[in-house]
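Every heavy atom of this structure was used, including side-chain atoms; hydrogens, water molecules and symmetry mates were not. Residue numbers start at 1 and run along the sequence shown.
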Amino acid sequence: MKKYIVTIITVSVLFAQNTDFETQYYYETIYMQQGFFGQRYIKGGESFPLKSIRKEMDLYPESSQLYGKSFIMSMVGIGAFVLGPVASSFLVETDESSFLSVYIGSLFLGIFASYEAYNKLHEAIWVYNRESLKDTGGTNIDNQQDNNWQWKKIQP
């Protein structure tokens, strides 16, 4: 009989801890939602466009730095996509081979910069989520060693 009572108490305590973490995770983290009109970012059930999560990213220095890199790379990508074909159109009259190399080079640079911006943005969101869970006392996050992102091995 005591085994059943201990089991019931243990299971109820585990479920209570899990519920607290799920609630904390819901209100303190950001995740992306793909919609019809583009990407939106969700935090605590509210939807935000990309521009408005900047102030959230500024709460932590590492996520702010990564968000800044993402913004710079997206500007480089847009610039390469727009200015590359315009610059190559001026070169078509003088040398056709330089036209082709500038045009293709700008397209490759634009694709690379856009891909890098996308990756840096998601890394910034990941770092923000990690740091916000640390600040609010996340249970599994406290097991990390000095920001080297390695989990501690549990000694029995």
Side-chain angles (χ1 to χ4, degrees), residues 12-92 97-155:
S12 64
V13 167
L14 288 176
F15 283 130
Q17 289 176 353
N18 194 16
T19 304
D20 291 340
F21 182 74
E22 287 175 2
T23 304
Q24 175 187 358
Y25 188 82
Y26 178 76
Y27 285 108
E28 299 298 326
T29 60
I30 297 173
Y31 66 93
M32 184 185 75
Q33 179 183 27
Q34 187 66 37
F36 183 71
F37 293 111
Q39 296 174 349
R40 309 279 298 171
Y41 296 88
I42 310 294
K43 181 180 179 190
E46 294 183 41
S47 179
F48 300 98
L50 178 61
K51 292 180 219 174
S52 63
I53 65 168
R54 174 63 188 203
K55 64 181 176 179
E56 291 290 328
M57 293 294 149
D58 286 341
L59 293 176
Y60 306 106
E62 191 177 355
S63 65
S64 178
Q65 181 183 17
L66 287 168
Y67 185 84
K69 287 180 182 178
S70 169
F71 180 76
I72 289 170
M73 290 305 286
S74 66
M75 290 297 116
V76 167
I78 290 171
F81 278 130
V82 172
L83 296 177
V86 171
S88 65
S89 66
F90 288 120
L91 295 173
V92 89
S97 64
S98 63
F99 159 77
L100 193 57
S101 62
V102 169
Y103 185 77
I104 291 175
S106 67
L107 290 179
F108 280 126
L109 177 63
I111 290 169
F112 171 76
S114 298
Y115 185 73
E116 189 67 22
Y118 182 80
N119 286 340
K120 289 294 179 193
L121 175 65
H122 287 279
E123 187 178 353
I125 291 172
W126 185 86
V127 167
Y128 171 83
N129 289 342
R130 181 191 70 194
E131 294 298 323
S132 68
L133 287 175
K134 271 187 191 179
D135 282 351
T136 56
T139 55
N140 292 334
I141 303 300
D142 293 334
N143 292 333
Q144 292 182 347
Q145 298 176 347
D146 300 326
N147 272 344
N148 69 355
W149 303 3
Q150 299 287 327
W151 294 103
K152 286 183 180 177
K153 292 184 180 180
I154 298 173
Q155 299 296 329

> What's the separation between atom NZ in Lys120 and atom CD in Gln65, rounded to the nearest 0.5 Å?
9.0 Å

> Closer than 3.5 angstrom, by distance alone: can the side chain of Thr29 be matched with the main-chain N or O of Tyr26 as a donor-acceptor pair?
no

> Hey, could you give me the OG/CD distance between Ser52 and Glu46, rounded to the nearest 0.5 Å?
10.0 Å

> Flag the pair Met73 / Phe112 as yes when at least one side-chain heavy-atom distance between them is below 4.5 Å, and no otherwise.
yes

> Using atom types as modelled and distance alone, determine if a side-chain donor or acceptor of Ser114 lies under 3.5 Å from a backbone N or O of Ile111.
no

> Taking side chain as C-beta onward, heavy atoms only, is Ser64 less than 4.5 Å from Arg54?
yes

> Counting only heavy atoms not in Phe48 (residues, nucleotides, ligands), do more than 12 fall under 6.0 Å from its CZ?
yes

> Less than 4.5 Å apart, any side-chain heavy atom of Met57 and any of Ile30?
yes

> Does any N or O in the side chain of Ser88 come within less than 3.5 Å of the main-chain N or O of Pro85, such that one atom is a donor and the other an acceptor?
yes

> Look at atom CZ of Phe81 and say whether more than 12 heavy atoms of other residues, nucleotides or ligands are closer to it than 6.0 Å.
yes

> For residues Tyr128 and Glu28, report the shortest heavy-atom separation together with the two atoms involved.
CE2-O, 3.8 Å

> Is any side-chain heavy atom of Met75 closer than 4.5 Å to a side-chain heavy atom of Ile78?
yes

> Checking Ser63 side chain against Val127 main chain: does a donor-acceptor pair fall under 3.5 Å?
no

> Would you say the side chain of Tyr67 lies within less than 4.5 Å of the side chain of Ile53, judging by non-hydrogen atoms?
yes

> Would Lys134 and Tyr60 satisfy side-chain hydrogen bond (donor to acceptor under 3.5 Å, both in side chains), going step by step from the backbone distance to the final call?
CA-CA 11 Å; Lys134 271 187 191 179; Tyr60 306 106; over 6 Å; no

> Is there a side-chain contact between Tyr41 and Ile125 (heavy atoms, below 4.5 Å)?
yes

> Tell me if a side-chain donor or acceptor on Ser70 pairs with a main-chain N or O of Ala117 at a distance below 3.5 Å.
yes

